[in-house]
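Remarks on the structure that follows.
Start at 1 and go down the list; that is how both ligands and their atoms are numbered.
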Amino acid sequence: EIYVEHGKEDRCAWAMDSLKKSMRWDEEAFGREYDLDVFMIVAVSDFNMGAMENKGLNIFNARRVLADPQIATDADYERIESVVGHEYFHNWTGNRVTCRDWFQLSLKEGLTVFRDQQFSADMAGEPAARAVCRINDVKRLREVQFPEDAGPMAHPVRPDSYQQIDNFYTPTVYEKGAEVVRVLHTLLGEDTFRRGMDLYFERHDGQAVTCDDFVAAMAQASGRDLTQFGRWYAQAGTPRVTASGRYSAGEKRFELALIQTTPPTPGQENKSPLQIPLSMGLVDSAGRDMRLQLEGETDTDAATTRALELNQTTHTFTFVNVETKPVPSLNRGFSAPIRVDYDYDAQDLALLAQHDSDLVNRWDAGQRLALARLLAATDAFELDQPPKVDDLLHQVFAHLLADDTLAPAFRACAVSLPAESEIAEACAIVDPIAIRAARLWLRESLGQSLAERWRALYETQRSPEPYVPGVAAAGRRALRNTALAYLCATGVPEPLQLARLQLESADNMTDRVAALSALVSSNAPFKADILVHLARDWAHEPLLMNKWFELQATAIAHAGEVPVVDRVRVLMKHRGFAITNPNNVYALIVSFCASNPAEFHRSDGSGYAFWAEQVPALDRINPTVAARLARTLERWRHFTPDRQRLMRAALEQVAREPKLSANVREIVVKSLDAG
Ligand code: ASP
Ligand code: ZN
């Protein structure tokens, strides 16, 4: 049963469908049945989180329930399916077996995110679609969790202290927690992992337990000593594996040397080696997988992907009968939540990006190639020099786009550039304005050089059928809208008209939002009129107004336009906005501070002044959300010195507020104290 506000009953079909799929999946994949006669969901419009798994009656944020093609995008449909699944799966991992104390939050959250990721992959079905699911998990981890793990709020998956547990509903507890369960799944294999889960439920049904109890059940079922594995729960920081290869043509040997380190994090100076399953392959110069035979192995089985198990600081693996010099493909499928360094040259990356049989690494190689170009361009913009054009990346993207055997959804991922936050993570000192300039420049140059292809894709990926949600159709829309975005990034007027037409004539919100997003960040003279019109059309529907707010809060401002922060201030007075509504605050205020770095970090400090006003104002209304907003300054030490000074002053100003909640106080104090 799903309960919604009157008049919204016809927007529940997708959530209901997702719930039925979830119930069936948990029976099939984990042998878990539902235990009551009724299962209810209630959707509410004012809710801090996505949803909460209250037994028998899940409470949902309306945005994670309501969907029809006129209000929900493909991404919304996907998210609704995964959140409905997530909350339902909590019935076993969260409710029947729950946490002994809050330090164990990941016992239920990491495990349940792992379960909902497996569910989404199974619903996606075929291998390319599963790979796209995995790529999206990896992206999220890199864009949000890696930065957290490198900043003052870095904490282990099982935190060892907290002031406000609300502040620990974090990407580390959720997403890294899920990766840690996945590491176990990889180490033990599907069947043993399942036996471990069965034993966990059998032992602990009706109890409140710990992460150690979970690992103990897995150890018992597998007969393995998982003591070292337990460090994944205790050590903060993103582990780094530095790999180097040496090929001897005479001996036909390839030596792969691997060194693992985990950087110090606040309160944890020294780290011990972790147990890391490193899935890998070797690729020949034609892009084919080579057979992997380790020295000392007599019987060569034909495996072309193997999981190397690391448990020491250093390892060397020697492969024999390697006919030609290989390029290693490391951490296939993102088998561990780590950074991998290897001294690839651009040609190696181009080879992997075009041929790696592992689609996650194929995507990753293209990202590495693009990232190298983006970093070079960022440096150039900082020095006011023109960046250098690189044909190789253009060739690789052209090759990927032309490959019709690749699923459209995969092609869309493969030609998307790393996010600004990922580029920032790779910089020693962050200048968000140079990063944005670099990313816009590369988009423009790819938009121009591949213009013919983008135009062709825009036509061929068009669907004559009415909108249906679902992986295959969504993939075509994603590729087509990627093409539109690149065309619009060139700044010439003609594609902007295409976007306008799409906005006006599309039968679904995915295509409309994609068109609007391109227009809002363009210099189209008519964009203001369009926004005014849409506000009228969308005024009756808060979920649409949130999209309207968010697109403007995260927009690019062109020379001569008002800074986005001024626009945000005006929008806060809009009658569709209430600071008491968490979805409104996320859409307008948090998304500006968290997801529009070049505007938030304007060198005049106007973004920080805004932050310093909003955090205390919001804190008086909703400390949980205020603390989320407060976190958008925590990485202040990572930025240029002039920005550091301004950010520190803003943090100190908020810290001096007499009546701060414990939530916000914890964030600002830790941000000022820790490195
Ligand atoms: N436990 C919820 C979830 O992750 C979040 C919350 O506490 O509201 O599903
Ligand atoms: Zn949860």
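Aromatic ring pairs are classed by plane angle as parallel below 30°, tilted from 30° to 60° and perpendicular above 60°; the pair Y162 and F103 is tilted.
The Zn ion (ligand 2) has an N, O or S atom of E109 under 2.8 Å away, backbone or side chain.
For the pair R115 and F30, the cation sits on the ring face: its NZ or CZ lies under 6.0 Å from the ring centre, inside 45° of the axis. In this structure, K20 forms no cation-pi arrangement with W14, as its terminal cationic atom is not both closer than 6.0 Å to the ring centre and no more than 45° off the ring axis.
Between the Zn ion (ligand 2) and the N, O or S atoms of H86, the shortest distance is to NE2. For the Zn ion (ligand 2), the nearest N, O or S atom contributed by H90 is named NE2.
With respect to the salt-bridge test (charged N to carboxylate O, under 4.0 angstrom), the residues K55 and D35 qualify. Taking a cutoff of 4.0 Å between a charged side-chain nitrogen and a carboxylate oxygen, R63 and D76 do not qualify as a salt bridge. Between E541 and R11 a salt bridge is recorded (basic side-chain N to carboxylate O distance below 4.0 Å). With respect to R635 and E425, a salt bridge is recorded, a charged nitrogen being found less than 4.0 Å from a carboxylate O.
For ligand 1, the 4.0 Å heavy-atom shell contains residues M49, A51, M52, E53, H86, E87, H90, K108, E109, Y169, Y174.
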